[in-house]
Number of protein chains: 2
Amino acid sequence: MPAAGRPKKPKATARPLTRIQREKQDTILEAALEVFSAHGFRGATIDQIAEVAGMSKPNLLYYFPRKEEIYRRLISELLVTWLAPLREMDEEGDPFTEIRSYIRRKLEMARDFPRESRLFANEMLRGAPHIEDMIAIDLKALVDEKAKVLLAWMEQGKIARTDPYHLIFSIWATTQHYADFDVQVRAVLGKDRGGEGRFEDAARYLEHLFMHGLTPRPHSGSTT
Amino acid sequence: MPAAGRPKKPKATARPLTRIQREKQDTILEAALEVFSAHGFRGATIDQIAEVAGMSKPNLLYYFPRKEEIYRRLISELLVTWLAPLREMDEEGDPFTEIRSYIRRKLEMARDFPRESRLFANEMLRGAPHIEDMIAIDLKALVDEKAKVLLAWMEQGKIARTDPYHLIFSIWATTQHYADFDVQVRAVLGKDRGGEGRFEDAARYLEHLFMHGLTPRPHSGSTT
DNA sequence: GCTAGATTTTTCCAACTGGTCAAAAATCTT
DNA sequence: AAGATTTTTGACCAGTTGGAAAAATCTAGC
């Protein structure tokens with residue numbers, strides 16, 4: 001009995017990934033996004049993902065040997081794109097314009113990538129068990145940096161003096177709400193207002209909120 | 001073959017619930033809240049809940065014959081208390097005061113009942129499969145009613161004219177964020193600012209946001 | 001057209017999960 | 001204290017799930 005442990009993972013030379021491999025992996029990740037975002041990590045089954053991806057479970061496991069591997073890959077890739085809009089906020093630009101377009105971009109992401117938003121929200125709800133370090137390091141660093149930018153704008157009297165961190169939180173919260181709580185939003189708005197137009201309404205509203213708050217503009221006449 | 005189906009549920013006279021029954025049910029619901037809010041419906045197991053509740057699985061099942069029954073009970077009770085603050089918003093009161101205390105109350109709920117908030121958020125994320133009708137009927141009705149109140153205040157020039165529905169959404173989103181995304185908030189704020197004080201900071205910030213937005217107050221001097 | 005390596009399918013399994021059931025233990029009633 | 005009722009437990013089960021093993025098929029280079 002030769003003690004030759006058969007090498008399960010033929011990572012001998014670590015080939016650079018064939019075309020098929022890349023394609024299949026993408027298919028799987030797309031399917032996984034669909035399923036994970038709808039049911040959460042534990043709620044999703046490999047079988048489901050495999051079915052959506054149009055392949056058998058063992059075949060899927062050939063490309064990603066663990067369920068968690070799929071999830072982790074998905075979510076860490078997501079985090080990068082998810083933070084892109086914030087990264088783009090430019091100290092050199094006009095503060096109001098920058099903030100406004102940041103909000104708009106985030107809202108567009110909620111509209112165009114609701115699955116990503118929900119996946120992320122779910123991970124947070126669960127206490128971010130898979131990306132603890134990423135949020136404690138990368139995310140924190142980015143927010144710290146942008147908070148400084150906001151702070152500088154405040155110092156210059158260009159925007160109101162408030163807490164830059166909570167300002168960022170409130171932008172995240174208000175925009176992602178439209179993806180994460182979509183059912184609720186649609187149910188409350190009803191058939192007539194719950195259509196696609198809701199995002200434009202939201203954009204208008206949020207712009208107003210962040211620009212002026214609820215203080216009435218001096219310009220409406222008397223009442224009654 | 002006598003067709004006497006033996007009555008599994010001896011609901012003969014529908015006894016009014018003994019003390020023990022009430023107590024145990026409460027214990028179970030409390031444990032279920034803990035577990036469901038942490039892992040979601042599918043992620044939670046009856047065994048886990050039973051363990052937290054300090055009883056055996058079959059014993060727990062004696063009080064709630066189905067897992068879903070526990071969940072449903074929990075979440076429908078929750079919805080009522082969850083909406084209480086909004087219900088309290090009084091048309092007769094001063095608009096700014098009313099809105100401000102609504103925000104404060106919601107934020108307090110995020111601080112004091114984060115598990116409830118997360119349970120609710122999770123249900124929404126999943127598309128609200130257990131409370132579809134409740135949100136489409138009761139919730140909608142309540143929001144419609146309060147939207148009218150807000151609208152009236154706007155008509156009277158007491159608060160700025162904006163979309164009352166999205167205003168409510170933004171209050172929900174910003175306040176619940178501190179419960180649902182707690183990990184993220186704490187990670188970003190870091191050790192020094194992530195302590196209990198974060199809720200006070202949030203309260204101050206949100207008050208500013210909703211009262212004034214980001215428009216700088218005229219009163220800070222010139223700069224540089 | 002042959003063969004090494006890559007891919008896919010078939011079969012299988014052990015752990016877990018929601019839930020059942022009968023009997024035992026505890027509690028209540030009289 | 002006996003009998004009736006409620007509560008608790010231990011053993012069990014069927015379905016699901018993540019994953020392993022191996023056999024079968026395919027593909028590219030020779």
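Which of D:dT7, D:dG19, C:dT9 sits closest to the side chain of A:N59 comes down to C:dT9.
Atom NZ of B:K24 and atom C1' of C:dT27 are 12 Å apart (whole Å). Distance CZ (B:R22) to P (D:dT6): 15 Å, rounded to an integer number of Å. In this entry the distance linking CG of B:L60 with C1' of C:dG18 reads 12 Å, nearest Å.
Using a 4.0 Å cut-off on heavy atoms, the residues of residues 33-48 of chain A that approach DNA chain D are A:A44, A:T45, A:I46, listed by number. In the region residues 51-58 of chain B, proximity to DNA chain D at under 4.0 angstrom, judged on heavy atoms, holds for B:S56, B:P58.
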Please tabulate, for the side chains in residues 190-197 of chain A, all donor-acceptor contacts under 3.5 angstrom to protein atoms that are two or more places apart in sequence or on a different chain.
from: A:R193; atom 1: NH1; to: B:D163; atom 2: OD2; distance (Å): 3.4
from: A:R193; atom 1: NH2; to: A:D201; atom 2: OD2; distance (Å): 3.1
from: A:R193; atom 1: NH2; to: B:D163; atom 2: OD2; distance (Å): 2.4

Which atom pairs, donor and acceptor, lie under 3.5 Å between side-chain atoms of residues 107-116 of chain B and protein residues at least two apart or in another chain?
from: B:R115; atom 1: NH1; to: B:E30; atom 2: OE2; distance (Å): 3.0
from: B:R115; atom 1: NH1; to: B:E34; atom 2: OE1; distance (Å): 2.5
from: B:R115; atom 1: NH2; to: B:E30; atom 2: OE1; distance (Å): 3.3

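Annotation: the terminal axes of the helix from C:dG1-D:dC30 to C:dT30-D:dA1 meet at 10°, where each axis is the rotation carrying the C1' atoms of four end pairs onto the next four (5 pairs per end, rounded to 10°).
The shortest distance between the side-chain N/O atoms of A:Y62 and the OP1/OP2 oxygens of C:dT7 is below 4.0 Å.
Residues B:V143 and B:W172 have side chains in contact (heavy-atom distance under 4.5 Å, counting atoms from C-beta outward). Considering only heavy atoms from C-beta on, B:Y178 stays 4.5 Å or farther from B:S117 through its side chain.
When heavy atoms are screened at a 4.0 angstrom cut-off, A:F64 is found touching no nucleic acid atom at all.
Among residues at least two apart or in separate chains, side-chain hydrogen bond (donor to acceptor under 3.5 Å, both in side chains) pairs with a member in residues 41-51 of chain B are B:H39-B:Q48, B:T45-B:Q48.
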